[in-house]
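Structure record follows, encoded as structure tokens.
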Amino acid sequence: MHTNAIMVHKLGGPEEMMWEQIEVASPKENEVLIKQTAIGLNFIDTYFRSGLYPTPLPTPIGMEAAGIIEETGPGVTEFKVGDRVAYASSPLGSYSELRVFPTNNLVKIPDDISDDLAAAIMLKGMTAEYLVRRTFKVESGQTVLFHAAAGGVGLIACQWLKSIGANVIGTVGSNEKAELARANGCDHTILYKEENFVEKVKEITNGAGVPVVYDSVGKDTALQGLDCLSPLGLLVVFGNSSGNAPAIEPGLLATKGSLYVTRPTLFSYNNTREKLVESANHVFNMVRNGNITIKIGAKYALKDAVQAHKDLEARRTTGCILLMP
Ligand SMILES: NC(=O)c1ccc[n+]([C@@H]2O[C@H](COP(=O)([O-])OP(=O)(O)OC[C@H]3O[C@@H](n4cnc5c(N)ncnc54)[C@H](OP(=O)(O)O)[C@@H]3O)[C@@H](O)[C@H]2O)c1
């Protein structure tokens, strides 16, 4: 059996992604064959394509999608042919029309959640979930700083934080993004390309700083983030959109107020089936009860993944982006 898919044979820019026919094996023990209906675009996909996150070549790419089960392998009891399912994890290979995937990392999509919505929110929604509930349990009334607030994770996190009752400061790359972030729960927006975000955070908090900074931008912002924290505050570096964050000496954390730094990943927070299902259900519930509303930022044909990556890396996208098989 064959399928159309995006493959990477050489690490590099978006143009290294090739639209090809590849072979699909039959599902083995505890695997299913999925006919994919919507694929989530994530910044992490660019790290595997560029080599920032190493993976053997040639490699398929992508970690998030929704679809319908077409065939089940031996031993599969929790899922059947025709089930609508979604996932947000390895093995890489969601940029494909058909694919085989292990059931351990799969969840059923509830009837009231569309395939597009599931593909848009699985990875970014579960990331927002663990960041604001588990990495640092944000409480009502707390002021927090969230970088790249108009991005995929950003718009979901802003709404999640708002529903908790937090006062959200978000950094954004343009006035249009600032407006969008505010419409999604951001109380204060900072244009961090033009304004000094440390000074702005101090101004907004009357000099006190914030107990937590959520930073997915990395290289360009992480160190300055330490100066936004109140004593004993936590810097959460959860991404590298501008490149890897620099090393931080423990001594620096002492002089800046007994601070903490963590570099979390969704995959260590949802490292058991129970945690994955619980996290996904939290996300679906947040959508169901109206706390989170998702407007898909843009849809690209899967074969146009090159353009989607160019737009994502050039900071031209907002919110959740889908690739359509
Ligand atoms: N650790 C985890 O568990 C985990 C899970 C999911 C995602 N992430 C991370 O979270 C971040 C957001 O992911 P996403 O898929 O939702 O992407 P996204 O936020 O939609 O896109 C990245 C955004 O980062 C900002 N940015 C700042 N400097 C940039 C630069 N030099 N190049 C490109 N973008 C830059 C841009 O927003 P502005 O124009 O507003 O600055 C851009 O839109 C990524 O860093 C990703 O790796 C981590």
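One-based numbering, in listed order, for ligands and for the atoms of each.
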Within a distance under 4.0 Å of any heavy atom of V172, pick out the atoms of ligand 1 and give their elements.
40 (O)
Got a sec: does the OH of Y53 have more than 12 other heavy atoms crowding it under 6.0 Å?
yes
A student checking ligand 1 against E313 at a 4.0 Å heavy-atom cut-off should list atoms 32 (N), 33 (C)
Look at ligand 1 and say whether R263 reaches it with a heavy atom at a distance under 4.0 Å.
yes
How close does the nearest protein non-hydrogen atom get to atom 7 (C) of ligand 1, and which residue and atom is it?
V153 CG2, 3.8 Å
Taking only heavy atoms of S242, which atoms of ligand 1 are found under 4.0 Å from at least one of them?
30 (C), 31 (N)
Relative to the heavy atoms of V217, which atoms of ligand 1 are at a distance of less than 4.0 Å?
27 (C), 28 (N)
Can you list the ligand 1 atoms lying under 4.0 Å from a non-hydrogen atom of N240?
45 (O)
Pull out every atom of ligand 1 sitting under 4.0 Å from any heavy atom of G152, numbered as shown with elements.
16 (O), 18 (P), 19 (O), 20 (O)
Side chain proximity check, K124 to E129, heavy atoms < 4.5 angstrom
no
Answer yes or no: are there more than 12 heavy-atom neighbours, outside E249 itself, under 6.0 Å from its atom CD?
no
re atom 47 (O) of ligand 1, the protein heavy-atom contact at minimum distance is Y47 OH, 2.7 Å
Take the angle between the ring planes of F197 and Y192 and call it parallel below 30°, perpendicular above 60°, tilted in between.
perpendicular
Counting heavy atoms only, name the option from A148, S216, A157 that's nearest to atom 11 (C) of ligand 1.
S216
Option set Y192, Y130, F238, criterion heavy-atom distance to atom 3 (O) of ligand 1, minimum
Y130
Dump the intermediate steps for ring pair (Phe, Tyr, Trp, His ring centres under 6.0 Å) on Y269 and F238, then the final yes or no.
CA-CA 12 Å; Y269 274 82; F238 71 100; over 10 Å; no
Presence of salt bridge, E203 and K200, under 4.0 angstrom:
yes
So which heavy atom in the protein is nearest atom 30 (C) of ligand 1, and how far is it from that ligand atom?
S241 O, 3.4 Å
If you measure from the Lys or Arg side-chain nitrogens to the Asp or Glu carboxylate oxygens, is any gap between K35 and E70 under 4.0 Å?
no
Closest to atom 26 (N) of ligand 1 among E64, R315, M126 (heavy-atom distance):
R315
Y300-H309 aromatic ring centre distance below 6.0 Å:
no
Apply the side-chain hydrogen bond (donor to acceptor under 3.5 Å, both in side chains) test between S89 and each candidate in N105, N104, N270; give the one that qualifies.
N105
Is the shortest heavy-atom distance from the side chain of M63 to the side chain of Y87 under 4.5 Å?
no
How would you list, by chain and number, every residue that makes a side chain to side chain contact (heavy atoms under 4.5 Å, CB included) with Q142, sequence neighbours excluded?
F136, V138, E139, P211
Within 4.0 Å of some non-hydrogen atom of L266, the atoms of ligand 1 are 2 (C), 3 (O)
Geometric cation-pi criterion K108 and F79, 6.0 Å radius, 45° cone
yes
Give the residue, atom name and distance (to 0.1 Å) of the protein heavy atom nearest atom 40 (O) of ligand 1.
G173 N, 2.8 Å
Return the residue, atom name and 0.1 Å-rounded distance of the protein heavy atom closest to atom 19 (O) of ligand 1.
G151 CA, 3.4 Å
Atom 5 (C) of ligand 1 has as its nearest protein heavy atom T127 OG1, 3.1 Å
re atom 15 (O) of ligand 1, the protein heavy-atom contact at minimum distance is F43 N, 2.9 Å
May I ask you to identify the nearest protein heavy atom to atom 43 (O) of ligand 1, giving residue, atom name and distance to one decimal place in Å?
K177 NZ, 3.5 Å
Below 4.0 angstrom, N of the basic side chain to O of the carboxylate: do D187 and R182 qualify?
no
Decide whether the shortest distance between a heavy atom of P264 and an atom of ligand 1 is less than 4.0 Å.
yes
Output the list of atoms in ligand 1 that are nearer than 4.0 Å to some heavy atom of N42, sorted by atom number.
15 (O)
